[in-house]
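Scroll down for the structure; my scribbles are underneath it.
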Amino acid sequence: MNICILIPGFIKSYKHLEYINKLINNLEFDNVYVFGHIFKFLIKPNEKKNNIDYNNKDTCIDTDKLKLFTSYSFVDDDYKKFDDEGYDNRIYSQWYNIKKSYELYLEFSEKNNIKCEFFIRLRSEIKIKNINLFKYYIKDSYET
């Protein structure tokens, strides 16, 4: 079975990406592909959403540390925290970034003639303590 993992949005720590990479390497499926439409800068793991600086240029992503991703793209530099009517863009942005991550999968899938049977949306700072339970949920969800 081929698995597609979508990790959109913020990267909060390279250590978390390393953890996810180890997690993926223990998944015992045919192939696991990871796609993400992400911001170009890191935010602190405990950063409150109202304190995020979307114009942050000081903590740019180190692309050498994104080896986990099969393919990734960056959120546009002109991202606005609020839409034209003053509503918070984060909810829309979350779903938009998932969509853009999925489009990366579609491009890769078409180009490489692969299909994934199972899709997972993860946060970049996820910690899954029981890998066997995680594998079980994937298999059980797919087989039932």
So Ile138 and Phe29, side chain to side chain contact (heavy atoms under 4.5 Å, CB included) or not? Walk me through it.
CA-CA 10 Å; Ile138 294 170; Phe29 293 106; 3.6 Å; yes
Under the salt bridge (charged side-chain N to carboxylate O under 4.0 Å, His left out) rule, what pairs show up with a residue in residues 5-27, not counting sequence neighbours?
Lys12-Glu125
Exercise: identify the closest heavy-atom pair between Leu104 and Gly36
CD1-O, 3.5 Å
Sequence-distant partners of Tyr136, side-chain contact (heavy atoms from CB on, under 4.5 Å), two or more places apart
Leu133, Asp140
Side chain to side chain contact (heavy atoms under 4.5 Å, CB included) partner of Phe134, chosen from Ile131, Asn130, Asn132
Ile131
List, one per line, each side-chain donor-acceptor pair under 3.5 Å for residues 95-102, sequence neighbours excluded.
residue: Asn97; atom: ND2; partner: Ser93; partner atom: O; Å: 3.2
residue: Asn97; atom: ND2; partner: Ser93; partner atom: OG; Å: 3.3
residue: Lys100; atom: NZ; partner: Glu103; partner atom: OE1; Å: 3.3
residue: Ser101; atom: OG; partner: His37; partner atom: N; Å: 2.8
residue: Ser101; atom: OG; partner: Asn97; partner atom: O; Å: 2.8

I'd like to check the ring-ring contact (aromatic ring centres under 6.0 Å, His included) partners of Phe108; sequence neighbours left out, ordered by chain and number.
Tyr33, Phe35
Here the gap from Ile61 atom CD1 to Leu42 atom CG, rounded to the nearest 0.5 Å, amounts to 4.0 Å
Got a sec, which residues hit side-chain hydrogen bond (donor to acceptor under 3.5 Å, both in side chains) with Ser13, two or more places apart in sequence or on another chain?
His16
Using the side-chain hydrogen bond (donor to acceptor under 3.5 Å, both in side chains) criterion, which residues pair with Asp30? Sequence neighbours excluded.
none
Qualifying residues under salt bridge (charged side-chain N to carboxylate O under 4.0 Å, His left out), relative to Lys135, sequence neighbours excluded
Glu28
Distance, nearest 0.5 Å, that separates CD1 of Ile120 from OH of Tyr137:
13.5 Å
Identify, with sequence neighbours excluded, every residue that meets side-chain hydrogen bond (donor to acceptor under 3.5 Å, both in side chains) alongside Arg121.
none
What is the minimum heavy-atom distance between Cys60 and Tyr14, and which atoms define it?
O-OH, 3.9 Å
By side-chain contact (heavy atoms from CB on, under 4.5 Å) - contacts of Leu68 (at least two apart)
Ile7, Leu17, Ile20, Asn21, Ile24, Val34
Asn2: what forms a side-chain hydrogen bond (donor to acceptor under 3.5 Å, both in side chains) with it, not counting sequence neighbours?
Asn31
Partner set under side-chain contact (heavy atoms from CB on, under 4.5 Å) for Asn113, not counting sequence neighbours
none
Got a sec, which residues hit side-chain contact (heavy atoms from CB on, under 4.5 Å) with Lys111, two or more places apart in sequence or on another chain?
none
